[in-house]
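What follows is one structure encoded as structure tokens, with my remarks underneath.
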Amino acid sequence: MKQSSSSVPPVDQHLPVSDCAIDMNRAAAKSYPLAMKSMVGGCLAAACLIFWSGVFAEAEAIIDNPKISLPVQPKRIVSINPCGDALLMQLADPGQIGAISHYSHDRQATSIPLAQALKYQAISGTAEEIVAMRPDLVIAGSFVAPATEQALERLGVALVKLSIPQSVAESQQQISEVAAIVGAPERGKILNRRISTALAQAKPSDDELVPALIWRSGGLVPGTGTLPDELLRRTGFENRSSTYGLSQWDILPLEHLVERPPQVLFSNASETKSRAGNYDRMLSHPVIQKLSHRITIADYPARLLHCAGPTLIEAVGTLSATRQKLRSLH
């Protein structure tokens, strides 16, 4: 049962929430009509920000226009990317942050505590909004509207594009680069040490790899070669996505999951049940409840898949806690 995700293109991170979800769903529907019947209303806005594999070779902080010099000590930074928001919270002074992306004010899409995000003005990332903020540095994802790029170039404002980490090492490289750009290299070193410490603490004492799968809203599964795949391995799990013939990021229909379930299933079903308007037919299907009597179904919030950086600390802690609990029962 080979299922390729090649027909699912990277999604523009600046589409409106509903359009972004619809665009991704339509692309997936070309290859997965059965899965799409279960995806109605289930695609979170943050799914549009997931690590689409193979898009970038390295997680660099790319200076978009080398003709425009970076400010030595940025005084007014505007971020239009939620992962950039998360990095700024850890690396920049609060007074340096002029605005963050509107995703971070969305409870379902933010990768930082909502209370912290609400302390900062949020913008959707249009050229008009950014220019009005009078930034001396803009941090964005790899996809930026041409009008925005052109406006920033005319004004001589530096633009840094963050690519998508596909490994812990790439994420830590990106942290170091962004820390240097915002004038806080020591904070970058501290954050990277925290990530390394969390990984060391999450490493299991035995060599057994527990068969597992991350299966989130709409049946989306991270496969071999992705950052979540590395986190699974480093916390004592074996990512079983390849046994279903899945690509790096792919859709696994419910019927195939039930036919051959892993020993541990990580799902964000609990948050889709608890939030109004966030119902996901696949995650909430009665057969999943029946499956819970045969395998371990553990909570893995969707926000742990949206970004790397500081999110890695919570992600490996969550995976490790599940494995420790599983070992204690045997």
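Index from 1, following the sequence.
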Side-chain donor-acceptor contact under 3.5 Å, [X] with [Y]:
X: R194; Y: Q90; result: yes
X: Q324; Y: S328; result: no
X: N192; Y: S176; result: yes
X: Q116; Y: S104; result: no
X: Q248; Y: T224; result: no

Donor-acceptor check, side chain of [X] to backbone of [Y], threshold 3.5 angstrom: yes or no?
X: H105; Y: S101; answer: no
X: T226; Y: P222; answer: no
X: R187; Y: L91; answer: yes
X: E129; Y: T126; answer: yes
X: T243; Y: R240; answer: yes
X: Q96; Y: A92; answer: no
X: T318; Y: E314; answer: yes
X: W215; Y: L252; answer: yes

For residues [X] and [Y], determine if any side-chain heavy atom of one lies less than 4.5 Å from a side-chain heavy atom of the other.
X: T235; Y: K203; value: no
X: I80; Y: I139; value: no
X: H306; Y: P82; value: no
X: V221; Y: I251; value: no
X: L312; Y: L227; value: yes
X: Y300; Y: R216; value: no
X: R303; Y: T110; value: no
X: P94; Y: K119; value: no

Shortest non-hydrogen contact from [X] to [Y]?
X: A315; Y: L231; result: CB-CD1, 3.9 Å
X: G98; Y: Q121; result: O-CB, 4.2 Å
X: I130; Y: P135; result: O-CD, 3.1 Å
X: P261; Y: R294; result: CG-NH2, 3.5 Å
X: D250; Y: G245; result: OD2-O, 4.5 Å
X: P262; Y: L257; result: CD-CD1, 3.8 Å

* **side-chain contact (heavy atoms from CB on, under 4.5 Å) partner of V160, chosen from V182, I181, I77** =>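 Running side-chain contact (heavy atoms from CB on, under 4.5 Å) over V182, I181, I77 with V160 returns exactly one hit, I181.
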* To do: Mind running side-chain contact (heavy atoms from CB on, under 4.5 Å) on L232 and F266 for me, showing each step along the way?
  => CA-CA 10 Å; L232 283 171; F266 290 100; 4.0 Å; yes
* Asked: Does CZ belonging to R193 count more than 12 external heavy atoms closer than 6.0 Å?
  ->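 Result for CZ/R193: enclosed.
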Is the shortest distance from a Lys or Arg side-chain nitrogen in [X] or [Y] to a carboxylate oxygen in the other one below 4.0 Å?
X: E149; Y: K161; result: yes
X: K75; Y: D93; result: no
X: R234; Y: D229; result: no
X: R233; Y: E230; result: no

* To do: Any chance you could lay out the side-chain contact (heavy atoms from CB on, under 4.5 Å) test for R260 and Y244, step after step, and finish with the verdict?
  => CA-CA 9 Å; R260 290 182 292 121; Y244 301 96; 3.7 Å; yes
* Assess whether side-chain hydrogen bond (donor to acceptor under 3.5 Å, both in side chains) is satisfied between N268 and S217, documenting all intermediate values. => CA-CA 7 Å; N268 65 312; S217 303; 2.9 Å; yes
If I take atom [atom1] from residue [X] and atom [atom2] from residue [Y], how far apart are they, to the nearest 0.5 angstrom?
X: I97; Y: Y120; atom1: CD1; atom2: OH; answer: 4.0 Å
X: S320; Y: K325; atom1: OG; atom2: NZ; answer: 13.5 Å
X: L265; Y: I297; atom1: CG; atom2: CD1; answer: 5.5 Å

Verify the cluster assignment for [X] and [Y]: are they in a single hydrophobic cluster under the rule of side-chain heavy atoms below 4.5 Å apart?
X: I68; Y: L159; value: no
X: L87; Y: L114; value: no
X: L162; Y: L70; value: yes
X: I313; Y: L305; value: yes
X: I190; Y: I175; value: no

* Check step by step if side-chain hydrogen bond (donor to acceptor under 3.5 Å, both in side chains) holds for Q174 and E170. => CA-CA 6 Å; Q174 188 176 80; E170 288 182 9; over 6 Å; no
* Asked: Hey, mind stepping through L137 and V78 against side-chain contact (heavy atoms from CB on, under 4.5 Å) and telling me if it holds?
  -> CA-CA 6 Å; L137 175 66; V78 168; over 6 Å; no
* To do: Run the numbers on L319 and L304 for side-chain contact (heavy atoms from CB on, under 4.5 Å), then give the verdict.
  => CA-CA 11 Å; L319 294 171; L304 301 184; over 6 Å; no
* **T296 vs Q263, side-chain hydrogen bond (donor to acceptor under 3.5 Å, both in side chains): CA-CA, chis, key distance, verdict** => CA-CA 6 Å; T296 297; Q263 185 176 341; over 6 Å; no
* To do: Take D85 and S111 through the test side-chain hydrogen bond (donor to acceptor under 3.5 Å, both in side chains) and record every step on the way to the result.
  => CA-CA 8 Å; D85 299 346; S111 289; over 6 Å; no
